[in-house]
Amino acid sequence: MGRSFDDLVQEAGSVSVAGWDFSWLDGRASEERPSWGYSQLLGERMAKVRSVLDVQTGGGEVLAGVPTLPPVTVATESWPPNLKLAASRLRPRGAWVVHDDDEPRLPFADAVFDLVVSRHPVQTWWTEIARVLRPGGAYFSQQIGPRTAGELTEFFLGPQHSHTRDVGAARAAAEAAGLEVVDLRSERLRMEFRDVGAVIYFLRKVIWIVPGFSAERYHDRLRELHELIESRGPFVAHSARFLIDARKPIG
C-alpha cells in the first residue's frame with residue numbers, strides 16, 4: 001500500500017514552489033527532455049558574446065548552470081520569491097538581477113544586448129526583444145508548446161477547445177517584429193506522475209495548467225486521481241517544447 005491521500009495532499013501543499021527547480025519531484029514524476037539540449041546550446045552561445053539578457057529567469061536556475069557568463073549578464077524576474085532566489089544564485093557570479101513586471105517596456109535602452117534568452121517564458125514580447133538586441137544579435141529560447149500537460153488540464157476542467165502557444169504563431173510574431181527565424185524545432189514528450197502529491201506540487205508551481213488550482217477547490221477530483229494512480233499506475237500526460245533562434249538583421 002502507498003501513502004494515504006491525506007498525507008500526500010498535506011505534504012504537497014506545504015512545500016515551497018518558489019523558483020523553477022523541480023527536484024522535489026525526483027522519483028515521483030518524470031518528463032522526457034527535448035533532444036536538442038537547450039542548456040548545453042545556451043552555454044555555447046554565451047561563451048561567444050559579451051552581453052546577454054535572460055528574460056523571466058525564474059530563480060536563476062538555468063543561467064546559474066552556464067559555465068561561463070558573458071562580461072555583461074543581466075536577468076529579469078517579476079515574482080518576488082523568485083527574484084530573491086535569482087539574486088542569491090547570480091549576483092555572486094557578477095550578474096545583475098533586475099525586477100521587471102513582465103510587461104512592455106523592458107527597462108533597457110535600445111540595441112544593448114548581443115543575446116537575449118529565455119527558457120519557458122510565460123509570454124514573449126517580440127517587439128521589445130527586437131528593440132534591445134544589437135544588429136546581428138539573437139534571441140534564443142526554449143518555449144512551452146501547445147497542449148502541454150493537456151491531459152491534466154482536461155482531467156480537472158473537462159474538454160478544452162482553445163489552445164495557445166502555437167509554434168507557427170511564434171514564427172509569425174518574431175518576423176512581424178523584424179527578426180529572422182533561423183531555427184525552429186518542436187517535440188512532444190512523455191510525462192508521468194506517480195502520486196497525487198506530485199500532481200498537486202506541479203499544478204501549484206505551473207499555474208497556467210489549471211488556472212485557479214488549489215487542493216481544497218479540487219479535493220474530490222484529486223481523490224479520484226489518487227485512486228486511479230493507486231489502481232492503474234502513473235498518470236500519463238505529454239508536454240510540448242519548441243526551440244526558436246531568431247536574429248536581428250544587420251542594417
Side-chain angles (χ1 to χ4, degrees), residues 19-23 25 29-49 52-70 73-79 82 85-86 89-90 95 100 102 106 113-126 128-130 132-133 137-150 163-175 177 179-191 202 205-209 237-248:
W20 289 112
D21 178 2
F22 285 82
S23 60
L25 292 174
S30 62
E31 179 183 351
E32 291 179 316
R33 293 291 179 250
S35 62
W36 48 74
Y38 179 72
S39 294
Q40 180 177 339
L41 293 175
L42 190 65
E44 293 170 0
R45 293 294 185 93
M46 288 196 183
K48 299 175 183 178
V49 301
V52 64
L53 169 64
D54 182 20
V55 179
Q56 299 176 28
T57 194
E61 296 87 353
V62 176
L63 198 57
V66 174
T68 303
L69 295 179
T73 298
V74 183
T76 67
E77 176 56 32
S78 62
W79 195 40
N82 280 352
L85 279 174
R89 287 189 173 107
L90 300 176
D100 179 63
D102 288 341
L106 285 169
F113 293 105
D114 299 321
L115 179 66
V116 177
V117 301
S118 190
R119 181 179 179 272
H120 302 171
V122 176
Q123 189 163 350
T124 303
W125 303 106
W126 291 103
E128 280 297 283
I129 288 165
V132 301
L133 276 174
Y139 177 65
F140 189 66
S141 176
Q142 178 175 294
Q143 304 212 3
I144 298 169
R147 287 190 51 77
T148 285
H163 307 299
T164 58
R165 301 182 180 275
D166 178 74
V167 176
R171 176 190 287 276
E175 292 174 344
L179 301 175
E180 176 189 1
V181 177
V182 297
D183 192 7
L184 182 60
R185 316 178 211 173
S186 63
E187 292 182 359
R188 196 150 184 84
L189 307 156
R190 182 182 176 92
M191 308 172 73
F202 181 77
K205 199 174 188 77
V206 190
I207 59 175
W208 54 85
I209 301 299
H238 295 84
S239 65
R241 298 288 183 266
F242 67 91
L243 182 76
I244 187 164
D245 184 355
R247 307 293 176 88
K248 184 173 182 176

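Quick caveat, the model's predicted, so the values are computed rather than measured.
Side chain of Thr148 to main chain of Ala240: a donor-acceptor pair is present (N/O by atom type, distance under 3.5 Å, no hydrogens or angles). The backbone N or O of Arg247 sits nowhere less than 3.5 Å from a side-chain atom of Glu180 that would complete a donor-acceptor pair. Put simply, the side chain of Glu128 gets close to the backbone of Leu106: a donor and an acceptor are under 3.5 Å apart. Put simply, the side chain of Lys248 gets close to the backbone of Ala130: a donor and an acceptor are under 3.5 Å apart. For Glu187 (side chain) and Arg33 (main-chain N/O), no donor-acceptor pair under 3.5 Å exists by modelled atom type. In this structure a side-chain-to-backbone donor-acceptor pair under 3.5 Å is missing from Gln142 to Arg119.
Applying the side-chain hydrogen bond (donor to acceptor under 3.5 Å, both in side chains) criterion to Ser141, with sequence neighbours excluded, gives Tyr139, Gln143. For Ala86, the side-chain contact (heavy atoms from CB on, under 4.5 Å) test picks out Thr57, Leu90, Val97, with sequence neighbours left out. The side-chain contact (heavy atoms from CB on, under 4.5 Å) search around Val206 returns Trp20, Phe22, Phe202, Trp208, Ile209, not counting sequence neighbours.
When all heavy atoms are compared, the tightest approach of Met46 to Val117 is CE-CG2, 4.0 Å. The shortest heavy-atom contact between Ser118 and Tyr38 is O-OH, 3.5 Å. Taking both residues in full, the closest heavy atoms of Lys205 and Gly19 are given as NZ-O, 2.9 Å, listed atom of the first, atom of the second, then distance. Here the closest non-hydrogen pair linking Leu179 and Trp126 is CD1-CE3, 3.9 Å. The two residues Glu31 and Ser239 come nearest to each other via the heavy atoms OE2-OG, 2.8 Å. Taking all atoms of both residues into account, the shortest heavy-atom contact from Phe242 to Val167 is CD2-CG2, 3.7 Å.
For the atom pair CD (Gln56) and CG (Asn82), the distance works out to 10.5 Å, reported to the nearest 0.5 Å. To the nearest 0.5 Å, atoms CG (Leu42) and CG (Asp54) are separated by 7.5 Å. Rounding to the nearest 0.5 Å places CG of Leu41 at 9.5 Å from CG of Asp245. To the nearest 0.5 Å, the span separating CD1 on Ile244 from CG on Asp183 amounts to 9.0 Å. Interatomic distance, CZ of Arg188 versus CZ of Arg147, reported as 6.0 Å (0.5 Å rounding).
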Run Ser78 and Asp102 through side chain to side chain donor-acceptor pair (under 3.5 Å) and show every step you take.
CA-CA 6 Å; Ser78 62; Asp102 288 341; 2.9 Å; yes
Checking Val132 against Leu53 for the side-chain contact (heavy atoms from CB on, under 4.5 Å) test, could you report, in this order, the C-alpha distance in whole Å, the side-chain angles of both residues, the deciding distance, and whether it holds?
CA-CA 9 Å; Val132 301; Leu53 169 64; 4.3 Å; yes
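Between Val52 and Leu69 the shortest side-chain heavy-atom distance does not fall below 4.5 Å. At a threshold of 4.5 Å between non-hydrogen side-chain atoms, the residues Leu189 and Arg241 count as touching. Residues Val66 and Thr73 fail the side-chain proximity criterion, which asks for heavy atoms closer than 4.5 Å.
Within a 6.0 Å radius of CD in Glu44, more than 12 heavy atoms belonging to other residues, nucleotides or ligands are found.
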